[in-house]
Amino acid sequence: MSAAERRAQVLDVAMLEFARTGLFGTPVDVIAKAAGVTQPYVFRLFGSKTKLFTECVRISFAQSTTRMLDAAEGLSGVNALIAMGNQYRSNLENNPDVLIQVQAFAACANDEVREAVREAYGNQWQQLAKRAGVDAVQMKIYMALGLLLNDLTMIDAKNPAGGDEQWVQDAYTVIDADVFAALGSLDDTGR
């Protein structure tokens, strides 16, 4: 296997492990063993566990952004946001590696991680806003709803043991496109 292939293999394993247990809960030796390499080799490739983690974070944000942009191809405004939101929801439910973003926010006490997340989140915000062509209020609401989906996913709100509770049903209520579009007309004072 070439060095580039081995590096990609380590990244694939690291994405899954970090998504499950985060920066602080994932030992490098677990990643190395699952990738079939030694721990010193992982450090040779990436320099540190934090650098490996931040690379995974950047990849995760880039992949989820690309998926959302692709889902909104040819759409604009609220329709683009809805398509991107549906894609994001699908990512959370079907691609557990996207959960690394939640782990990334949790690890922002680390300066290096915080800067990587800030940059990746900002890039995502700008690209999605540009594709949709929406105003700042609509974009804020869209991103806030994405964070709500993260929270619901992390607590497994749809789990049959609790998924029939009223608050869970309320949390997953679909917002009518006209209501969402009208929210964009508010100014900074709420008028």
Side-chain angles (χ1 to χ4, degrees), residues 12 15-16 18-20 22 54-108 113-114 116-191:
D12 287 344
M15 292 282 288
L16 294 174
F18 284 138
R20 282 186 333 97
T54 57
E55 186 157 344
C56 290
V57 167
R58 287 184 182 99
I59 290 168
S60 176
F61 271 97
Q63 288 175 343
S64 65
T65 300
T66 298
R67 288 183 195 117
M68 287 186 283
L69 291 173
D70 289 348
E73 187 67 39
L75 300 173
S76 63
V78 172
N79 291 330
L81 291 178
I82 290 170
M84 291 186 293
N86 288 337
Q87 178 61 46
Y88 187 71
R89 180 181 292 167
S90 174
N91 286 346
L92 284 171
E93 293 172 359
N94 300 317
N95 297 307
D97 61 327
V98 175
L99 296 177
I100 194 170
Q101 293 174 26
V102 175
Q103 297 286 3
F105 285 109
C108 279
V113 173
R114 184 176 48 256
V117 172
R118 186 177 190 278
E119 179 184 327
Y121 189 81
N123 286 338
Q124 184 176 68
W125 180 299
Q126 291 172 330
Q127 289 181 55
L128 299 181
K130 182 177 179 182
R131 170 62 55 88
V134 296
D135 66 24
V137 171
Q138 289 169 319
M139 198 61 207
K140 284 169 61 173
I141 294 167
Y142 172 80
M143 296 300 273
L145 290 172
L147 292 175
L148 172 63
L149 289 175
N150 289 352
D151 293 345
L152 294 170
T153 299
M154 293 305 292
I155 64 171
D156 196 17
K158 285 187 175 180
N159 182 324
D164 60 349
E165 295 172 339
Q166 186 60 49
W167 75 266
V168 173
Q169 294 172 28
D170 292 347
Y172 281 103
T173 300
V174 175
I175 298 172
D176 183 82
D178 293 335
V179 171
F180 196 87
L183 293 172
S185 64
L186 301 174
D187 65 19
D188 288 341
T189 63
R191 293 179 269 146

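The shortest heavy-atom contact between Arg114 and Cys108 is NH1-O, 2.7 Å. Of all non-hydrogen atoms in Ala72 and Ala80, the two that sit nearest each other are CB-O, 3.8 Å. Taking both residues in full, the closest heavy atoms of Ala83 and Ala71 are given as CB-O, 3.5 Å, listed atom of the first, atom of the second, then distance. When every heavy atom of Tyr142 is checked against every heavy atom of Gly85, the shortest pair comes out as OH-N, 3.5 Å.
Note that the CE atom of Met143 and the NZ atom of Lys140 stand 12.5 Å from one another [nearest 0.5 Å]. From Glu55, atom CD reaches atom CZ of Phe18 across 11.0 Å, with rounding to the nearest 0.5 Å. Rounding to the nearest 0.5 Å gives a distance of 10.5 Å between CD of Gln87 and CG of Leu69. Interatomic distance, Lys158 NZ to Thr153 OG1, rounded to the nearest 0.5 Å: 8.0 Å. Of the inter-residue distances, the one linking Leu149 atom CG with Leu92 atom CG reads 6.0 Å to the nearest 0.5 angstrom. Here the CG-CD distance, from Leu99 to Gln101, works out to 8.5 Å after rounding to the nearest 0.5 Å.
With sequence neighbours excluded, no residue satisfies ring-ring contact (aromatic ring centres under 6.0 Å, His included) with Tyr172. Listed by chain and residue number, Phe53, Val57, Val117 satisfy the side chain to side chain contact (heavy atoms under 4.5 Å, CB included) test with Ala104 (two or more places apart in sequence, or in another chain). In terms of the side chain to side chain contact (heavy atoms under 4.5 Å, CB included) criterion, residue partners of Ala129 (sequence neighbours excluded) are, by chain and number, Trp125, Met139.
Side-chain contact check for Leu81 versus Val134: some heavy-atom pair is nearer than 4.5 Å. You'll find the side chain of Tyr88 reaches within 4.5 Å of the side chain of Met68, heavy atoms only. Residues Arg20 and Gln103 form no side-chain contact, since every pair of their non-hydrogen atoms from C-beta on lies 4.5 Å or further apart.
Gln166 and Asp170 form a side-chain donor-acceptor contact under 3.5 Å, judged by distance and modelled atom types alone.
No donor-acceptor pair closer than 3.5 Å links the side chain of Ser60 to the backbone N or O of Cys56. In this structure a side-chain-to-backbone donor-acceptor pair under 3.5 Å is present from Thr66 to Ala62.
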